[in-house]
Amino acid sequence: MKSGILSINKPEGISSARVVARVKKALGAKKVGHTGTLDPFATGLLLCGINQGTRISRFFLDGHKRYSARICLGVETDTYDLTGETVHAAPQNVMDNLRIRDVEDVVTSFIGIQDQVPPAFSALKHEGQPLYKLARQGKKIQKPPRRIEIFDIHINSIKLPYIDIEVFCSSGTYIRSIAFDIGRRLGCGAHLSRLCRTQSSAFKLEDAIELDTLESIDKITAEQRIVSLSDCLEFLPEAVVEKSIAQKVRFGQKLLKKDIGITLENPDKLIRVTDDKNDLLAIIQLSENQQTYNYSCVFSS
């Protein structure tokens with residue numbers, strides 16, 4: 001079976017791990033993994049690495065993300081989203097005094113580089129345990145702030161107490177935390193009531209396949225939806241090699257600078273090595289001596 005990345009439109013009410021299990025069964029794949037989890041209540045783009053595609057997942061974990069989200073003002077929950085217990089509800093007079101202009105100003109103030117505190121209910125780990133499991137046991141662990149960047153955030157609609165926003169952000173950004181922080185800045189509290197991931201790296205939701213659809217079509221048709229290993233990594237410089245060099249790569253033999261024949265402005269950058277059929281053979285990087293290459297990954301044909 002083909003290896004690569006398959007874009008799934010994740011439905012609401014299912015974990016990312018369950019999506020992976022269903023994709024694996026539908027395709028009859030040996031190995032499947034996702035490149036960044038979505039909470040069960042969230043929907044949208046979930047990238048699944050198929051077979052050897054699991055080996056390139058790391059190249060997408062740090063990719064930029066885009067989300068559509070709905071925030072409910074006036075109610076804070078312990079999880080910062082609709083699945084949690086209410087910990088604060090704003091008095092009616094506070095809600096009555098909310099001004100649209102203030103909401104707009106607060107939302108746009110999040111654009112830029114900043115430190116964000118991850119929610120206590122998250123998949124981050126403390127001493128090997130996910131924070132959400134510890135939080136459910138009454139052991140809320142506060143992780144230190146993490147540097148993130150919001151490239152763009154804007155309001156699509158406001159129908160108080162709900163505001164619909166779109167966020168374009170760096171990897172590691174918690175939209176739940178943005179909702180919580182917006183509520184705090186407005187003085188009324190808030191939680192995330194809806195979330196849909198619409199983009200991850202260069203992949204977009206409109207190109208994804210519904211999970212139910214994947215399970216209803218034949219495996220040959222389903223396989224055609226998998227983006228090949230080489231095409232997934234178009235953002236890496238490419239070296240197309242002849243058969244003799246391809247053979248060296250397949251056996252993991254030492255590669256010389258002349259074997260690859262491309263010059264990079266940044267010698268530390270990774271290179272994807274492909275054959276004349278656009279099959280990905282390896283990902284390599286120039287060694288410290290600047291004359292040979294080190295292998296990052298080698299892919300079987």
Side-chain angles (χ1 to χ4, degrees), residues 12-13 36-44 64-124 130-132 134-136 138-199:
E12 185 178 356
T37 188
L38 278 173
D39 290 327
F41 79 90
T43 63
H64 300 338
K65 309 290 193 299
R66 193 181 296 273
Y67 297 91
S68 292
R70 173 167 290 178
I71 297 172
C72 179
L73 301 178
V75 176
E76 277 186 7
T77 69
D78 55 0
T79 60
Y80 298 0
D81 62 40
L82 78 168
T83 68
E85 298 291 331
T86 298
V87 294
H88 169 76
Q92 189 58 49
N93 68 302
V94 172
M95 298 302 294
D96 291 340
N97 289 329
L98 279 177
R99 298 187 305 170
I100 300 298
R101 181 57 185 270
D102 292 337
V103 173
E104 292 172 339
D105 289 345
V106 165
V107 169
T108 57
S109 71
F110 280 83
I111 294 176
I113 298 173
Q114 58 205 268
D115 291 326
Q116 183 186 72
V117 178
F121 285 82
S122 72
L124 295 177
L131 294 187
Y132 68 85
L134 295 173
R136 288 170 183 167
K139 305 172 185 177
K140 288 190 177 181
I141 305 297
Q142 190 67 73
K143 285 285 188 179
R146 304 195 303 175
R147 183 59 54 93
I148 64 162
E149 184 171 3
I150 306 298
F151 307 109
D152 183 47
I153 181 170
H154 62 267
I155 296 174
N156 288 332
S157 68
I158 299 179
K159 294 181 181 179
L160 294 178
Y162 297 104
I163 57 175
D164 289 344
I165 64 172
E166 186 169 322
V167 185
F168 182 42
C169 57
S170 63
S171 176
T173 302
Y174 282 92
I175 310 302
R176 284 184 288 143
S177 290
I178 292 177
F180 175 84
D181 291 338
I182 286 174
R184 282 296 174 95
R185 290 191 191 182
L186 287 170
C188 62
H191 69 274
L192 186 65
S193 63
R194 185 183 297 172
L195 182 66
C196 178
R197 184 156 63 201
T198 58
Q199 182 176 342

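Keep in mind it's a predicted model, so treat the numbers as computed, not measured. What's counted below: heavy atoms across the whole structure, side chains too, no hydrogens, waters or symmetry copies.
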Does a side-chain heavy-atom distance below 4.5 Å link [X] with [Y]?
X    : Y    : value
I100 : L160 : yes
D152 : V167 : no
R66  : E166 : yes
Q116 : R146 : no
I165 : H154 : no
Y174 : I148 : no
L82  : T77  : no

Side-chain polar contacts of residues 85-93 - donor-acceptor pairs under 3.5 angstrom, sequence neighbours left out - could you list them?
residue: Q92; atom: NE2; partner: D96; partner atom: OD1; Å: 2.9

(request) Tell me, with the steps shown, if C169 and H64 meet side chain to side chain contact (heavy atoms under 4.5 Å, CB included). (result) CA-CA 6 Å; C169 57; H64 300 338; over 6 Å; no
About how many Å separate [atom2] of [Y] and [atom1] of [X], when rounded to the nearest 0.5 Å?
X    : Y    : atom1 : atom2 : answer
I71  : I163 : CD1   : CD1   : 4.5 Å
I150 : I153 : CD1   : CD1   : 6.0 Å
S177 : I182 : OG    : CD1   : 11.0 Å
S68  : R194 : OG    : CZ    : 10.0 Å

(request) For side chain to side chain contact (heavy atoms under 4.5 Å, CB included), just list the numbers for R176 and D39, CA-CA rounded to whole Å, side-chain angles, deciding distance to a tenth of an Å, and then say yes or no. (result) CA-CA 11 Å; R176 284 184 288 143; D39 290 327; 3.4 Å; yes
(request) Dump the intermediate steps for side chain to side chain contact (heavy atoms under 4.5 Å, CB included) on T198 and K65, then the final yes or no. (result) CA-CA 8 Å; T198 58; K65 309 290 193 299; over 6 Å; no
(message) Can you tell whether the side chains of K159 and D164 come within less than 4.0 Å, N to carboxylate O?
(response) no
(request) With sequence neighbours excluded, tell me which residues meet salt bridge (charged side-chain N to carboxylate O under 4.0 Å, His left out) with R184. (result) E76
(request) Assess whether atom OH of Y162 is packed by more than 12 heavy atoms of other residues, nucleotides or ligands within 6.0 Å. (result) no
Which heavy atom of [X] sits nearest a heavy atom of [Y], and at what distance?
X    : Y    : value
A190 : G183 : CB-CA, 3.6 Å
S170 : F151 : N-CE1, 3.4 Å
D78  : G84  : OD1-CA, 3.2 Å
G187 : V94  : O-CG1, 3.8 Å
L186 : V106 : CD2-CG2, 3.6 Å
E149 : I113 : CD-CG1, 3.6 Å

(message) Can you confirm if the NZ or CZ of R197 lies within 45° of the ring axis of Y67 and under 6.0 Å from the centre of its six-membered ring?
(response) no
(request) Using the ring of F110 (Phe, Tyr or Trp, six-membered ring only), decide whether R185 places NZ or CZ under 6.0 Å from its centre and within 45 degrees of its axis. (result) yes
(request) Ignoring hydrogens and angles, tell me if any N or O in the side chain of S193 forms a donor-acceptor pair with the backbone of R70 under 3.5 Å. (result) yes
(message) Checking F180 against H191 for the ring-ring contact (aromatic ring centres under 6.0 Å, His included) test, could you report, in this order, the C-alpha distance in whole Å, the side-chain angles of both residues, the deciding distance, and whether it holds?
(response) CA-CA 6 Å; F180 175 84; H191 69 274; over 10 Å; no
(request) Output all residues satisfying side-chain hydrogen bond (donor to acceptor under 3.5 Å, both in side chains) with D115, sequence neighbours left out; order by chain, then residue number. (result) R147
(message) For a side chain to side chain contact (heavy atoms under 4.5 Å, CB included) check, start with the C-alpha distance between D81 and F41, then their side-chain angles and the critical distance, and finish with the verdict.
(response) CA-CA 9 Å; D81 62 40; F41 79 90; 3.4 Å; yes
